[in-house]
Chemist: 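Below is a structure I'd like to ask you about.
Lettering follows sequence order; numbering is per chain, from 1.
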2 protein chains.
Amino acid sequence: MPDASAPSQTDMRRRILDAAALLLAENGYKATTLRNVAEAAGLKAGSIYYHFPSKDHITVEVLNEGVQQVSKAVLDAVDAAEGASGKAVLRAALEAHLKALAEHSSYTRASIRCFSMVPEEIRRQTVYVRRAFDSQWLSILQKIQTSGDIHKDVNLKDLHLIILGTLNWTLEWQGAGEEERLQLADTLAKLIMR
Amino acid sequence: MPDASAPSQTDMRRRILDAAALLLAENGYKATTLRNVAEAAGLKAGSIYYHFPSKDHITVEVLNEGVQQVSKAVLDAVDAAEGASGKAVLRAALEAHLKALAEHSSYTRASIRCFSMVPEEIRRQTVYVRRAFDSQWLSILQKIQTSGDIHKDVNLKDLHLIILGTLNWTLEWQGAGEEERLQLADTLAKLIMR
DNA sequence: TCCTCTGCCTAACAAATGTTAGGCAGAGGA
DNA sequence: TCCTCTGCCTAACATTTGTTAGGCAGAGGA
């Protein structure tokens with residue numbers, strides 16, 4: 001019985017998830033085969049079923065973890081910037097989002113790029129976490145707007161779309177460095193505020 | 001010998017492309033099977049090979065046509081707005097892009113959503129059209145900036161990313177109407193200008 | 001009437017896929 | 001020593017994939 005809460009176990013379970021995340025991010029759900037995942041993780045395809053009951057369970061876990069990583073990073077950044085100006089909070093959130101996308105790129109890329117192509121059953125099991133993340137960003141923007149740092153006329157739903165679209169689109173950038181990320185966060189923040 | 005320039009032929013070739021575009025847009029490259037395409041087009045899988053030499057050829061044609069449809073729409077809109085203010089030109093380009101995404105949604109969605117997941121050989125045969133489209137948008141922005149309607153300090157590369165990201169991200173919107181599109185173009189244009 | 005070409009179909013192929021059944025080496029407690 | 005459990009492997013399975021070979025009905029010219 002694989003038990004994630006067990007203190008020390010072979011980290012094979014994690015290695016399988018890592019391998020799956022990487023392949024899902026690069027090739028998508030259908031093109032990611034258990035044999036490829038197994039090879040990348042260092043075991044044989046059939047052995048995966050000792051750790052997971054199916055390919056779909058692995059996929060769900062990867063997709064949800066990807067969103068949660070970004071979500072946590074943004075939340076932490078906003079909390080750390082509490083009391084600062086709206087502009088500073090927004091900058092912090094943008095940078096945290098971008099940094100998370102770049103760093104845990106496998107999981108986050110997988111969750112962003114695979115979600116819309118995945119079978120409906122998997123979507124059902126991942127859509128909740130995504131909605132929570134959406135709400136989180138929206139409430140950040142709301143706070144900044146009521147504080148006056150975002151103009152009252154700006155449609156927050158549109159702004160939300162602009163931010164999410166822009167940040168997630170950076171994944172199509174192949175190999176952009178930290179400088180470009182900071183630069184983009186700067187440009188975007190400047191556009192939004194003022 | 002299927003010849004697209006022939007005046008009248010069964011439109012089966014077009015129906016196959018249409019069906020493929022729809023399925024590619026919804027399910028991605030790997031999950032789009034020739035048997036599904038055939039069924040949607042109203043023939044049997046083997047018969048597709050009378051019109052196309054392979055699945056990949058169909059895919060390349062769909063992806064390229066998708067980009068070209070948006071490209072042409074944006075170009076036409078900019079040409080029609082020639083002489084107008086930078087703001088008007090940008091608005092026209094944004095709206096044209098969004099409208100094209102929504103209207104020819106199959107081809108454009110397919111090209112945007114499949115490109116990064118597709119085998120390398122297909123990417124090689126579609127990347128050129130995409131680059132041309134990128135350049136087109138960038139040169140539009142450059143003209144507006146040199147005309148003074150976009151602040152000199154704004155990084156055009158970032159702005160380009162913001163626009164492309166935002167507009168293409170709308171594809172994840174399921175079933176947004178024209179009102180929302182115009183509203184988004186408005187919000188985005190207001191952020192960029194001024 | 002004969003012949004050719006068009007446009008599609010049927011039936012099969014090899015390869016690859018998710019998944020399962022059964023086995024096996026080794027660790028470790030009794 | 002015996003037993004059990006862990007963690008993996010091998011070998012197969014049914015299905016689905018892109019693709020191909022061969023056939024067949026009908027249109028239309030000679």
Side-chain angles (χ1 to χ4, degrees), chain A residues 1-21 23-24 26-63 110 114 117-122 125, chain B residues 1-21 23-24 26-63 110 114 117-122 125:
Chain A
M1 192 197 319
D3 181 0
S5 69
S8 91
Q9 190 186 346
T10 340
D11 47 2
M12 187 52 88
R13 197 187 139 87
R14 174 54 55 186
R15 290 175 60 187
I16 292 172
L17 286 173
D18 286 350
L23 292 171
L24 284 170
E26 283 187 0
N27 308 323
Y29 170 76
K30 257 286 186 177
T32 297
T33 74
L34 289 184
R35 284 170 175 83
N36 287 344
V37 171
E39 191 184 13
L43 39 52
K44 295 308 172 81
S47 310
I48 289 184
Y49 285 82
Y50 178 79
H51 299 278
F52 297 93
S54 78
K55 175 187 179 181
D56 286 7
H57 280 79
I58 301 178
T59 307
V60 167
E61 203 160 324
V62 167
L63 296 196
C114 293
M117 305 273 206
V118 113
E120 200 185 327
E121 176 60 27
I122 295 184
Q125 296 176 21
Chain B
M1 193 196 319
D3 181 0
S5 69
S8 92
Q9 187 187 349
T10 341
D11 47 359
M12 187 52 87
R13 197 186 139 87
R14 174 54 56 187
R15 291 174 60 185
I16 293 173
L17 286 173
D18 286 351
L23 292 170
L24 284 170
E26 283 187 359
N27 307 323
Y29 169 76
K30 257 285 185 178
T32 297
T33 74
L34 288 185
R35 283 171 176 84
N36 287 343
V37 171
E39 192 184 13
L43 39 54
K44 296 307 171 81
S47 310
I48 289 184
Y49 285 81
Y50 178 78
H51 299 278
F52 297 93
S54 78
K55 176 186 179 182
D56 287 8
H57 281 78
I58 300 178
T59 306
V60 167
E61 201 159 327
V62 167
L63 296 196
C114 293
M117 306 275 205
V118 113
E120 200 185 326
E121 177 59 28
I122 294 183
Q125 296 177 22

Chemist: Paired with C:dA27: which nucleotide, if any, by Watson-Crick or G-U wobble criteria at under 3.5 Å for both distances?
Modeler: D:dT4
Chemist: Could you give the distance from CD (B:Q125) to CG (B:D56), rounded to the nearest 0.5 Å?
Modeler: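 Spacing of CD (B:Q125) from CG (B:D56) equals 8.0 Å.
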Chemist: Any chance you could measure B:M117, atom CE, to A:Y29, atom OH, to the nearest 0.5 Å?
Modeler: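 OH of A:Y29 is found 13.0 Å from CE of B:M117.
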Chemist: OP1 or OP2 of D:dT10 sitting under 4.0 Å from any side-chain N/O of A:K44?
Modeler: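 Yes, such a contact exists.
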Chemist: Tell me: NZ of A:K30 to C1' of D:dT16, nearest whole Å?
Modeler: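 One finds 8 Å between C1' of D:dT16 and NZ of A:K30, rounded.
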Chemist: Looking only at the side chain of B:Y50 (C-beta and beyond, no hydrogens), which of the listed nucleotides D:dC9, C:dG7, C:dT17 gets closest?
Modeler: C:dG7
Chemist: In whole angstroms, how far is the C1' atom of C:dC9 from the NE2 atom of B:H51?
Modeler: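 Between C1' of C:dC9 and NE2 of B:H51: 12 Å.
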Chemist: What integer distance in Å separates B:I48:CD1 from C:dT6:P?
Modeler: 20 Å
Chemist: Any chance you could measure B:L34, atom CG, to B:K55, atom NZ, to the nearest 0.5 Å?
Modeler: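 Interatomic distance, B:L34 CG to B:K55 NZ, rounded to 0.5 Å: 6.0 Å.
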Chemist: Nearest 0.5 angstrom please: B:D11 CG to B:R14 CZ, how far?
Modeler: 9.5 Å
Chemist: Which sits closer to the 5' end of DNA chain D, A:R35 or A:G42, going by the nucleotide each is nearest to?
Modeler: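 Its nucleotide being nearer the 5' end, the pick is A:G42.
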Chemist: To the side chain of A:L43, which of D:dC8, C:dC9, D:dG18 is closest?
Modeler: D:dC8
Chemist: Between A:S47 and D:dG7, does any side-chain N or O lie under 4.0 Å from OP1 or OP2?
Modeler: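 A:S47 to D:dG7 OP1/OP2: no side-chain N or O under 4.0 Å.
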Chemist: Please state how far atom CZ in B:F52 lies from atom P in C:dG7, giving the value in whole angstrom units.
Modeler: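 Nearest whole value for this atom pair: 13 Å.
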Chemist: With respect to the side chain of B:M12, which nucleotide from C:dC8, C:dT17, D:dT19 is positioned closest?
Modeler: C:dC8
Chemist: Within this structure, what is the OH-to-P distance between A:Y49 and C:dG22, rounded to whole angstrom?
Modeler: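 Rounded to the whole Å, the gap is 17 Å.
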Chemist: How many Å lie between CG on A:L34 and P on D:dC8, as a whole number?
Modeler: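 It works out to 15 Å between those atoms.
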Chemist: Between CD1 of A:I122 and NE2 of A:H57, what distance do you get to the nearest 0.5 Å?
Modeler: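 Reported to 0.5 Å precision, the distance equals 9.5 Å.
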Chemist: Partner of D:dA21 by Watson-Crick or G-U wobble geometry, both contacts under 3.5 Å, or none?
Modeler: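 Base partner found: C:dT10.
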Chemist: Just the rounded figure in Å: distance from C1' of D:dT15 to CG of B:N36.
Modeler: 14 Å
Chemist: Can you check the B:R13 CZ to C:dT6 P distance for me, whole Å?
Modeler: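 Spelled out: CZ on B:R13 to P on C:dT6 is 15 Å.
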Chemist: Between C:dT19, C:dG18, D:dT19, which one does the side chain of A:T33 approach most closely?
Modeler: C:dG18
